[in-house]
Amino acid sequence: MKKTRFYLPRRWGEKIILFIVAFLFLLFFSTDFGLIDIQKTAIILAAGIDRTEDGNFSVTAQIAVPEASKSGGAAQATAISGSGETIARAFQEINTKTGWFPKLIFCDLIVLGETVTQGNVFDCLSYFMRNEQMSDNCLLAACEGSAQEILTATTPTESMPALALQKILATEAKESGNISTVNLKDFAADYFSEHKSGYMPFLFLLPQTEGAQGGQSGEGGQSGGGAQTAAAAQDNGQSGQSGKDQKSSVFYGACTAVFYDGKLKTVLTREESFALNLVVGKVRQATLQVPLPDGTAYALSLTDVKGKINLQTKDNLPRLKIGLKAVARVSDCTVPKSLENIASTNTVREELLQKAEELLARDISAVFEKCRENQCDIFGALDRLQKYHTTFYNAYKEDLLARIVPTFEIHVRDSD
Amino acid sequence: MKSNTNMNNTTSMTRNDKHTVTTRQLCFMLAFFLPANKIILLPSVLTQYAGNDLLLAALAVFVLQGAAIFALLWIMSRTEKTLFELIEGKFGTWAARIFYFILGAYLLFSSVLPVTEHRLYTQNTMYDTLPTILIFIPFFFFSGYAAAKGLQCAGRAADVSALLFLVSVPVLLFMSVASVDFTALLPIGSAGAGKIFNASAHVLSWCSDAGWVLVFLGNVRVEKNFLCKTGISYACGAGVVLLFLAVFYGIFSTVAMNESFAVVKIARYYNALKTLGRIDYLFIYILSLVQLFALTLPIQLSAYTMGKAFNTDMPPLFSAIVNGVLLLVVLFTAKSFPSLERTINGYLFPVFLVFANALPLLCPLLLLGEKQARRDNNPQTDEQKDKEKDNDNRNNRDRKRQQIPAGGKEF
């Protein structure tokens, strides 16, 4: 059977390729690739969410303004608010008011105000989960009062509150056990799991005294030049550039807000949060204060921290074993010690170790009981029941927390 | 019978090296093309139907595909004939041409979902704002060029892809490992057999690789340990997908079904990214080149089979037709990917069951009577052939010995 042959002349091929390249260049330079001019883009660094009196969401967006600065000073930032029945509507309002297209790709923090945490926080968080452009690696925090206050505060540590907060809630802080840092993905995974319980840092705004302010300004130099944060981010969407007349504040995030079914149930104290972080967080090095009956106090540096949670169903009784192992060394003491004593930091007195274990056991027990009272299965007992004791799952799933007999096994040893 | 044999010989002679890939290249295709496009939407779709049992659902499909692919590899190891020649030998030229036309249409159909999926993936993950559909059009120029170049081009693409895949995927998996909790996959089997098989049925379109292996029958230079090499390559490809799925579910657990473009998401929790920025995208871009080659393969094969069906040697023309049709489909389904995905995976999955599973498994039947036909055509028995081969080997050895000086090496 004869075959028909078809050849493309060589010169034609070159012409076609040239034409294609020219066409692509045309598309690119005419911005037909769909790029949006950076001058019209609002790079959102953080979003604060509150509920207004009429039940709408009020979103405060901390926006980095991408404008060239002649002085080469700190990056400019502003906070704009918008409100609406949904978060999307609120962002749309920001766009309408400013002409800036809100871009969430750099949004690394979501602060939830008190009015939001009273209800199910996934009313608003689901918007961020749906957004493909935004990373669900962004940090979450609840706060006392309104999220707008937090994001419009003037802080001596950074030019923008969002950046200061991101430092406070950073993974490094989590690894020291001081902050219960959590991202959107992990919080959502807990919410959609069997136990429906989760936690996030709880932020307070601590006003700085005048003296402290002056001192910090003088030393740091960062706060003096960086006070360009928007002063007022009112509901009407005004923005400002100077924070000189504002009182400086710092953020405190050592407490932990505990949620069940998306609603804030209780707030753990600093000590309880620390104990919780040691058990469930990946803590690398933490400092534990140990007061002794003689009035002296020691600071123990804990390393090799390993938390373990184990659920057993022996004798038809669910037992939750919460274990913690750590290696301690003396970090500090309230009374002066001999040089020999200072040199042997790796040797820790048995009394101190015992006291540290007691303290940790007390705090972990307090966390468990507080959560049990509020039906928050923060240690994931129900998940463990489903994964490892499937046969008991249906029998215990309704009232597992009430049935559980907790045991706490804390082992703190020195490195000698 | 005689006329049939003559025709076979003629067809074998017209087949040239342009349409031949090596065993190594086929191995690379199975090991690196196979997983490349199964790590975008497939993980979240599997999770949607099978929950934490996504691995079981994937395993079921891979076992089925493995059997189908092994059947085809076995045929390749037994005969050098192409599928066209085998059908032609059994049912005549017209039957072969009709079958190749249908196979070409199937290959075109099988590439609809991956191409539209890739368009969505590119638009959503490589642009921070939603760009126009135009940005995906250059793909069709690339695909058109590749399809006009024949099967050998696919082989070369596999060679290039091997390196790119080995550079990108291990790094992405390494970046993800720290955030993985494999206990999220427990308890195994909790979804139940019904849900697991339902999930398997829904991902048949993604796991239909035997469909394209069909076209390579007789187009692969079979080398020593062919079955072993290709079998291990397939196992590696499937293993990478299973590992990826385990890592994916280990990271996202209960929210996994919401994480559509898995490959760009698994590495973003790597701690160093906070300081370095999204360097994982560098590896995602490298991997996207492999995905591009893998995406082009069924299109290339569709153009090739169409050319065979019409018995013409006009690859550019068929490449233009196939890519033109695909471009139109992509343009028309630009805003309705979910319904397209639902239609193909939910209702049209039997098409993949037939072409990528049943058909390859039935292909060995085409070899029935082949041995007898060979004997009839060539009265020399297999024993005689073996003897001749031994004699040849002995002669070669003797010749070499004469060339090498006694007690010394050849210099």
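Protein chains get the first letters and strands the later ones, always in sequence-line order, with residue 1 at the start of each. This structure is a prediction, so every number in the text was calculated from the model and none was measured.
Looking at B:Y145, there are no atoms closer than 4.5 Å to chain A (heavy atoms on both sides), in backbone or side chain. B:I188 does not touch chain A: none of its heavy atoms, backbone or side chain, sits under 4.5 Å away. For chain B, the nearby parts of A:S135 are the backbone and the side chain; heavy atoms of each come within less than 4.5 Å. Only the side chain of A:E175 comes within contact range of chain B, with at least one heavy atom under 4.5 Å from a heavy atom of that chain. Of the atoms belonging to B:T183, heavy atoms from both backbone and side chain fall under 4.5 Å from chain A. For B:N52, no part lies under 4.5 angstrom from a heavy atom of chain A.
Ring planes of A:F192 and A:F122: perpendicular class, angle over 60° (limits at 30 and 60°). Classification of the B:Y285-B:Y281 ring pair by plane angle, with boundaries at 30° and 60°, yields tilted.
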Next item on the list: Would you sort out whether A:N277 and A:Y199 count as a side chain to side chain donor-acceptor pair (under 3.5 Å), showing the intermediate values?
Entry: CA-CA 11 Å; A:N277 293 337; A:Y199 61 87; 5.1 Å; no
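Listed by chain and residue number, nothing satisfies the side chain to side chain donor-acceptor pair (under 3.5 Å) test with A:D261 (two or more places apart in sequence, or in another chain). Annotation: side chain to side chain donor-acceptor pair (under 3.5 Å) contacts of A:Q312 (sequence neighbours excluded): none. Checked against side chain to side chain donor-acceptor pair (under 3.5 Å), B:Y269 has the following partners two or more places apart in sequence or in another chain: A:D136.
Geometric assessment of B:K308 against the ring of B:F84 yields a positive cation-pi assignment under the 6.0 Å and 45° thresholds.
The contact list for residues 380-389 of chain A toward chain B, using heavy atoms and a distance under 4.5 Å, reads A:Q386, A:K387, A:Y388 by residue number.
At a threshold of 4.0 Å, the pair B:E259-B:R268 counts as salt-bridged, since one of the basic side-chain nitrogens sits closer than that to a carboxylate oxygen.
Heavy-atom pairs under 4.5 Å with chain B peak, among A:D190, A:D186, A:N137, at A:N137.
Environment of CZ in B:F174: sparse, with no more than 12 heavy atoms of neighbouring residues, nucleotides or ligands closer than 6.0 Å.
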